[in-house]
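These notes concern the structure reproduced below.
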Amino acid sequence: MRKPEKHILVIFGASGDLTYRKLVPSVFDLYYQNLLPEAFGVLGLGRTDLGHAAFREKMKEGIEKYAMTKPKSEEQLELFLEKLYYYAFNTKEEAEYAGFKGELESLNEKLQTGHNFIYYLATPPSMYPVIPAHLAKYDLHLSDQGFKRLIVEKPFGYDLESAQQLNHQLLESFREDQIYRIDHYLGKETVQNLLVTRFSNGIFEPLWNRNFVHHVEITSSEDIGVGSRGGYYEGSGALRDMVQNHLLLLASLVAMEPPAVIGADSMRNEIVKVLQSLRPIKEEEVEKYVIRGQYTASEIKGKKMPAYREEPGVAPKSRTETFVAMKFFIDNWRWAGVPFYIRTGKSLPTRVTEIVIHFKTTPHHLFAHDKNIMNRHNQLVIRIQPDEGVLLKFGMKVPGAGFNVQDVNMDFHYSELNNTYLPSAYERLLLDCMLGDATLYSRGDAVEAAWKFVDPILKAWKNRPCIKVHGYPAGTWGPEESDALVDDVKTWRYPCKNLAGDGEYCEL
Ligand code: BG6
């Protein structure tokens, strides 16, 4: 595999959780697989007064807990830790960037990294416009001597206006091709496999349109509540936290046209076209198409589950949604009239993300005496996580007299692949940025198009408090009202932890 050019990965917010749990462990995984260049270093930045040694000690713990690969030996880990450096300064203060610049240049000199720098913003979002502007003041954005890339974490804006403003602010100092907006869902192996399933197989693509697809269903459920993230979640809610980014991205990958090539421009052109074709849900239609819910206290297997309003950092009368179910349409040639249903929530029965393509039934029902046959859709289930795999459900004759039909499964599980290493999302995305490949990163226009779709829903919820926030007991599949959304297609699929276990081995 091609190795990235020499460089320094500069992490703003290096004393935070993301660096500890995801970023440095993923860089270690790359190191373990020999995918890092010889000349390489990580420079952690933050206000916390850590020295190199204390930073390395903390990161060692993070690697041991969260890296996908376990260090082969203490020496291997130590050799990696020597590549980590830390510099404490107040990243809000423009004047302090002079000291930081000196530090970065001397590290560049020491490691001979050719002035190639990647800046990772693992900070609170309020710093996203500030840091790039300060970097630019000190010419640290210029790519005349080595590349300069900027990785921005979500949330990318709070609504359409703030997302547009943020894009505008970033573009004042960095060019679009230097900006890498991360959505970790695109880093997931199984999400990328959606493209391969669609575009490398002759059998699916001819059916992948309004003529054969009855509806598309996407679920991303979590069995845990917000836990200690109440403070952040209160200002976000499920629509901003999951739908605006991850779920609309999954829908775009399902719906997009085949790109001309797998490259940043082609891929992202197709994604943005889908997002621009989403039929807007007008403020006055929100109640009809979108259901919001919030988990209430319950008891599961004798264990008390707290209500969202009892979680730390959450207001006692909070109306923040922890569940969203939605029906929408994509107004284009391929998808005209095909409903898309998406659903996400915290404190649901199990942790599952999956996409289900429900195909239309046969035009003439030969076996109509089977009482279930009228409702039977062939289903293709693309399981993102867990029990990653693909499942095709189709009808088979029950052996014996008559023509009774029963659904059977044809399934593939990643776990059946021997000796196959599934890289983590952050590992894949970091490597891509190091290689200068933005294919799996979001482009500014796509982020704005997704906000444009979500914005009227946010406005309706804000301006019309009469739109209900439905309660649902923690550990259930969300408010009953979300069932009414799928009336036309009878029911949601209720996925289990096991891809093919359908109802038999459900984790409750
Ligand atoms: C994050 C959200 O973007 O995605 C979290 O902020 C959510 O609230 C997480 O839990 C889900 O990611 P994954 O990879 O566990 O499905």
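Side-chain atoms are counted along with the backbone in the values below, which use heavy atoms only and exclude waters and symmetry mates. Order of appearance sets the numbers: ligands from 1, and atoms from 1 within every ligand.
Those atoms of ligand 1 that come under 4.0 Å of a heavy atom in Lys346, given as number and element, are 5 (C), 7 (C), 8 (O), 10 (O). Within ligand 1, counting atoms from 1 as listed, the ones closer than 4.0 Å to a heavy atom of Lys154 are 1 (C), 2 (C), 3 (O), 6 (O). Close approach to Lys188 involves these atoms of ligand 1, each under 4.0 Å from a residue heavy atom: 13 (P), 14 (O), 16 (O). Contact atoms of ligand 1 toward His246: 1 (C), 3 (O), 4 (O) (distance under 4.0 Å to a heavy atom of the residue). Annotation for ligand 1: atoms under 4.0 Å from non-hydrogen atoms of Asp241 are 2 (C), 5 (C), 6 (O), 8 (O).
Considering only residues two or more places apart in sequence or on other chains, His134 meets the ring pair (Phe, Tyr, Trp, His ring centres under 6.0 Å) condition with Tyr97. Among residues two or more places apart in sequence or in another chain, the ring pair (Phe, Tyr, Trp, His ring centres under 6.0 Å) test is passed with Tyr289 by none.
Of the candidates Arg240, Glu222, His184, His184 brings a heavy atom nearest to atom 4 (O) of ligand 1.
For Tyr233, no heavy-atom contact with ligand 1 is shorter than 4.0 Å.
Taken from OG in Ser252 to NZ in Lys273, the straight-line distance is 12.5 Å, to the nearest 0.5 Å.
Scanning the protein for heavy atoms near atom 15 (O) of ligand 1, the closest one is Arg351 NH2, 3.2 Å. Of the protein's heavy atoms, Tyr185 OH, 2.5 Å lies nearest to atom 16 (O) of ligand 1.
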- Stepwise, does the salt bridge (Lys or Arg N to Asp or Glu O under 4.0 Å) test hold for Asp455 with Lys459? CA-CA 6 Å; Asp455 225 40; Lys459 288 212 172 91; 3.0 Å; yes

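Side chain of Thr322 to backbone of Tyr295: a donor-acceptor contact under 3.5 angstrom is found.
When only interatomic distances are considered, the shortest N/O to N/O separation between Thr353 and ligand 1 does not fall below 3.5 Å.
Open room surrounds NZ on Lys304; 12 or fewer heavy atoms of other groups in view lie less than 6.0 Å from it.
By the 4.5 Å heavy-atom criterion applied to side chains, Thr296 and Tyr472 are not counted as neighbours.
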